[in-house]
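All values derive from a computational prediction rather than experimental measurement. One-based numbering along the sequence shown. Basis for what follows: all heavy atoms, side chains included, without hydrogens, waters or symmetry-related copies.
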Amino acid sequence: MVWLGDIALSRKDLGLAESYARQAQMIDAGHPASHALLALVHEGRNDPARAEEELRTAIRLEPSYIPPYLLLARRYLAINRADDAIAQCQAALTFAPQRPGIRETLLLAYIQAGRIPEAITEAHALIKQRPRDPALHNTLGALYGRSGDPSQAAREFHEALRLDPKFSPAYLNLGDSYLVRNDRARALQSYLEAGRLTPMLAEAHRRAGDLYLADKRIDEALAAYTRALIADPKAVGALTNLARIYTEERRDLKQAVELAQRAESLAPRDWYVQDVLGWSLYESGKIDEAVPHLEEAKRLEPQAARARYPPRHGVPEAGNEERSGK
């Protein structure tokens, strides 16, 4: 009955899935899998309270039954209750330390909670189980990067690429580790390789564009940001920096404003988006429209590079100052 309910659930037939779960409970009221199935039905009906109640019932009936722990942990992750997710995973590990999925979920929970040292320990434990998994080495490298150890991070990214030379996320992260050490040439090379291997990896093209823009290699920056938008039309960083280029370097103010407005629709609380939109409007002669965006940029990030104001407001114009792209 539970298997039939799982099939019905995979076909999104919640009514039939519930019917099979109820029939299973009539046969054996203490069967934990039927409660786990009902929990998934309640989740499908957007009733998280009843779903959690069924999962906890399943655990009470059979504490060594692992699926409800994982379902609870993943539900808590989805609603940003990382500590509760960690508790569920740790409880599951006491019964099944080698069970696939538990440590992966625990690793995600540690990352969400910002508990990086524990996440690193968990990543090492997973690598012992799957030493030839490039994604695990890439994750471990990213964690070392977050902990302030770019050299160890780079070693893990290189190991990921040794295991799979075409694993583009490792090239993307390797570029970041080079950038932290101010090795801009290798950072750029890594971003370009990530984009070559995975053309739809918008972030690789965007980061390459940022380096080109910082070095005033404008034509190459334009090409990189365009590739980023082909991969992801909602790439805010690419939209914003293209708008900046068309405002300051390749004068096309109509296009600059359109791009900046698209970026604002996606990230209205990003100070840099507001700054670029405000300046493109000001350069277009739309001063009354520009000022609120420049004011908003200053309000959102008072410590950022000096926000720019039209001269009529009594503040010297600072249109050529350097700023870091998002």
Side-chain angles (χ1 to χ4, degrees), residues 1-113 115 118-119 122-140 164 167 169 198 200:
M1 290 295 177
V2 172
W3 288 341
L4 288 170
D6 287 337
I7 292 170
L9 202 61
S10 70
R11 296 172 176 171
K12 303 188 185 302
D13 191 336
L14 299 178
L16 185 58
E18 180 177 7
S19 175
Y20 282 127
R22 300 294 185 194
Q23 291 179 60
Q25 288 182 348
M26 290 177 64
I27 297 169
D28 181 0
H31 195 271
S34 65
H35 291 278
L37 175 59
L38 269 180
L40 291 172
V41 170
H42 292 315
E43 283 283 1
R45 290 173 174 160
N46 197 29
D47 191 345
R50 293 182 69 186
E52 183 167 339
E53 181 183 350
E54 291 292 345
L55 291 171
R56 294 198 174 278
T57 298
I59 291 171
R60 178 177 55 79
L61 291 169
E62 181 50 73
S64 63
Y65 181 58
I66 300 303
Y69 293 104
L70 283 173
L71 289 169
L72 275 173
R74 289 164 185 166
R75 178 177 178 273
Y76 291 145
L77 279 176
I79 58 175
N80 295 313
R81 289 172 56 182
D83 289 337
D84 290 329
I86 290 167
Q88 293 301 319
C89 291
Q90 290 174 334
L93 283 174
T94 63
F95 296 105
Q98 303 301 318
R99 173 73 175 263
I102 301 175
R103 290 193 181 278
E104 289 88 342
T105 306
L106 181 56
L107 174 57
L108 291 174
Y110 280 138
I111 293 171
Q112 188 181 98
R115 293 163 62 172
E118 291 157 296
E122 202 58 43
H124 277 293
L126 280 166
I127 286 172
K128 285 183 180 179
Q129 294 179 359
R130 303 200 304 272
R132 298 192 61 78
D133 186 337
L136 287 176
H137 288 281
N138 183 56
T139 297
L140 180 57
D164 182 358
F167 191 71
T198 307
M200 297 308 290

Looking only at heavy atoms, the pair that brings Pro134 and Asp164 closest together is CG-CB, 3.9 Å
Got a second to check how far Thr94's OG1 is from Tyr69's OH, nearest 0.5 Å?
6.5 Å
What closest approach, in Å, do His35 and Ala29 show between heavy atoms, and which atom pair accounts for it?
NE2-O, 3.5 Å
If you define the side chain from C-beta out and look only at heavy atoms, does anything of Gln25 sit under 4.5 Å from Met1?
no
Tell me, do His31 and Tyr65 make a side-chain contact under 4.5 Å, heavy atoms counted?
no
Looking only at heavy atoms, which two atoms of Leu107 and Leu126 are closest? And how far apart?
CD2-CD1, 3.9 Å
Got a donor-acceptor contact below 3.5 angstrom from the Gln112 side chain to the Leu77 backbone?
yes
State the CD-CG distance between Glu43 and Leu38, to the nearest 0.5 angstrom.
12.5 Å
Could you tell me the separation between the CZ atom of Arg115 and the CG atom of Asp83, rounded to the nearest 0.5 Å?
5.5 Å
Find the distance between OH (Tyr110) and CZ (Arg103) and round it off to the nearest 0.5 Å.
9.0 Å
Pair Arg130 + Glu104, salt bridge at N-O below 4.0 Å:
yes
Correct closest heavy-atom pair for Ala58 and Ala36 would be CB-N, 4.4 Å
Between Arg74 and Gly101, the two heavy atoms sitting closest are NH2-O, 4.0 Å
Ion pair present between Glu18 and Arg22, side-chain N to carboxylate O less than 4.0 angstrom?
yes
Working note: Ile59 + Leu72, criterion side chain to side chain contact (heavy atoms under 4.5 Å, CB included); need CA distance, chi angles, decisive distance, verdict.
CA-CA 10 Å; Ile59 291 171; Leu72 275 173; 3.8 Å; yes
Identify the heavy atoms of Ala113 and Ile86 that sit nearest to each other, and give their distance.
CB-CD1, 4.2 Å
Does a side-chain heavy-atom distance below 4.5 Å link Asp133 with Ile127?
no
Return the CG to OG distance between Leu14 and Ser19, rounded to the nearest 0.5 Å.
12.5 Å
CZ (Arg75) and CG (Leu55) are apart, to the nearest 0.5 Å, by 8.5 Å
